[in-house]
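Treat the numbers as computed from the prediction; the structure is a model and nothing was measured.
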Amino acid sequence: MFNVSLRHLPNNVSPIYQGHFRNLITYINSLLAPLVFNIVRFSAIHLVSPAIFSDSVHQRLHILHKGSICVGDPRKTHLISTMVKICCIGAGYVGGPTMAVIALKCPSVEVGVVDISVPRINAWNSDQLPIYEPGLDDVVKQCRGKNLFFSTDVEKHVREADIVFVSVNTPTKTRGLGAGKAADLTYWESAARMIADVSVSDKIVVEKSTVPVKTAEAIEKILTHNSKGIKFQILSNPEFLAEGTAIEDLFKPDRVLIGGRETPEGFAAVKALKDVYSQWVPEERILTTNLWSAELSKLAANAFLAQRISSVNAMSALCEATGANVSEVSYAVGKDSRIGPKFLNSSVGFGGSCFQKDILNLVYICECNGLPEVAEYWKQVIKINDYQKTRFVNRIVSSMFNTVSNKRIAVLGFAFKKDTGDTRETPAIDVCKGLLGDKARISIYDPQVTEEQIQRDLTMNKFDWDHPLHLQPMSPTTVKQVSVAWDAYAATKDAHGICILTEWDEFKKLDYERIFENMQKPAFVFDGRNVVDAEKLRKIGFIVYSIGKPLDQWLKDMPALA
């Protein structure tokens, strides 16, 4: 039944209109007609055409029964007409920040973030959040306990929600059909079955995790066959956040993409989610597509970005061989307005939770659809990334008299990029494992990564990181050749060489003369992010290797084998 009464009317509505409105309420409640209405709090009543929602769309329209609520800036005339409660399953790098910003920008919407991990939820409810992201602390503190709640009571929040975002792990399969490439949708399927089981009202279910094309169709079948008469609409709303700038990206996104079924029900669901984002995102930046285009767009975007990194990294190898400078080459290339300067910085390789996983997923989809040439093309992006990491390790070993056995190597930076504590698929893992394979002793410093996380990353098997923490294998031992230091000076003391693997700003400002004095000689710096002034360090006495830059004589005399 619709929960609408005269209290929804502004005070200045005349008694005549109040009478008309009372009759309208009686008519709606007596017939339970599936009319959708927005009550504009300012001065008038606007009715949405009943043709938008026929009986075959939402017979009861349970998700609309709470009536209209003005969301966000009250000076805006735009109303979010249906959504009162939002729930997000998964309190990770995507779910937590995204929901926090929605709560901040839509203060009249109640947002619940749920997860089965008790330690993670406890951290979200504490002063020490489980993830590091600039600006996130302030956003959470402004909303937490008001209209933003973190809970382990998953079923309760899902049952009460009007929109359910699903942001669960979609790891790469490690066994069975598609192992090493296909996405494992176990957690997504489990979430869908739980949603169907506990729901007592119609809901919009939103894919927030990166999923293969046609996942929505599979989820729709699960929900439909377990719905008990409840209706669900599936939307795809992929995230395009960059870690380290996630809050800024959420405040001012390049675009918000919403994909839905091209049916009256689908269009209505898309509009409902669009109404949430439009409280702070300009309408021209909210793109709507069909489900499959939205799902594929996310994979394509990450593949294109990773491709640019692999392209410039491939050029870095050629630059070293020819004496060119990759920074000058990428700058010249980036000045072409058709190309642009972003993602053209050469490095030891890309990392993060999405790029490799999404490309492998894309490869698998291409193979399944009979497109082996397309699949092979995208495989090369990952091959170049692996080659870059191997080439970096080989350069270190060959430069240090072709062995690092029992030599102390200081690793500065373990996160896959600056301004985040995320180590998923970080190049530092493969570089460290490569050096450990040659029996090096490694001392690591990263301002945001804990010793526990570093040890876990160095002992876990590939792809294990993408499972929930309580399902990840527990390592019975630590890597004895690895120590974690409390600052860069402690990490580099008595070291034979330094590897810079994350572009933290503080590494540009270190006292390298002090560091040089406390190192073994000859002292090496292997800059995997091109963050230091190589010439300045050479004047101090370092032998410096910068990716894609002209090699000094020492390195030329000891070429690295790829």
Side-chain angles (χ1 to χ4, degrees), residues 90-97 115-124 126-134 136-137 167-169 171-172 174 241-244 246 348-357 389 409-436 440-488 490-491 499-504 506-507 528-529:
Y93 281 90
V94 175
D115 202 293
I116 60 175
S117 172
V118 174
R120 173 168 284 184
I121 291 299
N122 287 342
W124 278 111
S126 72
D127 291 331
Q128 188 66 42
L129 301 185
I131 63 176
Y132 172 74
E133 191 67 43
L136 178 60
D137 272 359
S167 184
V168 297
N169 302 69
T172 302
T174 55
L241 307 179
E243 289 187 45
V348 68
F350 60 73
S353 63
C354 291
F355 283 2
Q356 176 164 296
K357 181 176 72 172
K389 291 179 285 189
I409 307 296
V411 170
L412 300 185
F414 199 82
F416 85 92
K417 62 184 289 189
K418 73 173 185 177
D419 293 333
T420 181
D422 194 352
T423 62
R424 293 175 292 180
E425 293 291 353
T426 175
I429 294 175
D430 289 331
V431 171
C432 288
K433 285 183 175 180
L435 295 173
L436 290 169
R441 292 181 295 113
I442 301 177
S443 177
I444 302 173
Y445 166 68
D446 188 287
Q448 289 296 333
V449 183
T450 65
E451 180 173 6
E452 179 186 6
Q453 185 61 53
I454 290 171
Q455 290 287 357
R456 288 179 66 83
D457 287 335
L458 293 177
T459 53
M460 276 195 298
N461 294 322
K462 196 171 183 65
F463 304 129
D464 281 348
W465 57 265
D466 207 13
H467 292 271
L469 190 61
H470 70 285
L471 295 179
Q472 292 178 10
M474 299 301 293
S475 175
T477 60
T478 58
V479 182
K480 294 180 180 179
Q481 304 99 309
V482 173
S483 61
V484 177
W486 61 88
D487 68 14
C499 298
I500 302 176
L501 300 182
T502 310
E503 69 279 20
W504 288 103
E506 68 178 83
F507 298 156
R529 297 289 180 173

Looking at every heavy atom in both Ala415 and Thr502, which two are closest together, and how far apart are they? O-OG1, 2.7 Å
Is there side-chain contact between Val482 and Cys432, with heavy atoms separated by less than 4.5 Å? no
Test log, rule side-chain contact (heavy atoms from CB on, under 4.5 Å), inputs Trp504 and Tyr445: CA-CA 11 Å; Trp504 288 103; Tyr445 166 68; over 6 Å; no
So, Trp124 side chain and Ala91 main chain: donor-acceptor pair closer than 3.5 Å or not? yes
Looking only at heavy atoms, which two atoms of Ala490 and Asp487 are closest? And how far apart? N-OD1, 2.7 Å
Is there side-chain contact between Phe416 and Thr423, with heavy atoms separated by less than 4.5 Å? no
To the nearest 0.5 Å, tell me how far Asn122 CG sits from Asp115 CG. 11.0 Å
If we only count heavy atoms from C-beta on, is the Val411 to Val431 side-chain gap below 4.5 Å? no
Minimum heavy-atom distance Glu133-Gly244, with the two atoms named: OE2-N, 2.6 Å
List the steps, then state whether side-chain contact (heavy atoms from CB on, under 4.5 Å) holds for Val348 with Arg529. CA-CA 7 Å; Val348 68; Arg529 297 289 180 173; 4.3 Å; yes
At what distance, to the nearest 0.5 angstrom, does OG of Ser483 lie from CD1 of Ile444? 7.5 Å
Could you check Leu241 against Tyr93 for side-chain contact (heavy atoms from CB on, under 4.5 Å), going step by step and ending with a plain yes or no? CA-CA 9 Å; Leu241 307 179; Tyr93 281 90; over 6 Å; no
Would you say the side chain of Ile131 lies within less than 4.5 Å of the side chain of Asp422, judging by non-hydrogen atoms? no
Is there a side-chain contact between Glu243 and Asp419, using heavy atoms and a 4.5 Å cut-off? no
So, does Glu451 use its side chain to make a donor-acceptor pair with the main chain of Val484 at under 3.5 Å? no
Distance-only, no hydrogens or angles: does the Asp430 side chain make a donor-acceptor pair with backbone N or O of Lys389 under 3.5 Å? no
Closest non-hydrogen contact found for Glu425 with Gly352 is CB-O, 3.2 Å
Taking all non-hydrogen atoms of both residues, which atom of Pro97 and which atom of Gly92 are closest, and how far apart? CD-O, 3.5 Å
Side chains of Phe414 and Asp457 in contact at under 4.5 Å (non-hydrogen atoms): yes
Which atom pair, heavy atoms only, marks the closest approach of Lys417 to Ala242? NZ-CB, 4.0 Å
Gap separating the CZ atom of Arg424 from the CD atom of Gln453, nearest 0.5 angstrom: 10.0 Å
Supply the atom-to-atom distance Ile500 CD1 to Phe507 CZ, rounded to the nearest 0.5 angstrom. 7.5 Å
Side chains of Pro427 and Leu501: does their closest heavy-atom pair fall under 4.5 Å? no
Would you please classify the geometry between the Phe350 ring and the Phe355 ring as parallel, tilted or perpendicular, with 30° and 60° separating the classes? perpendicular
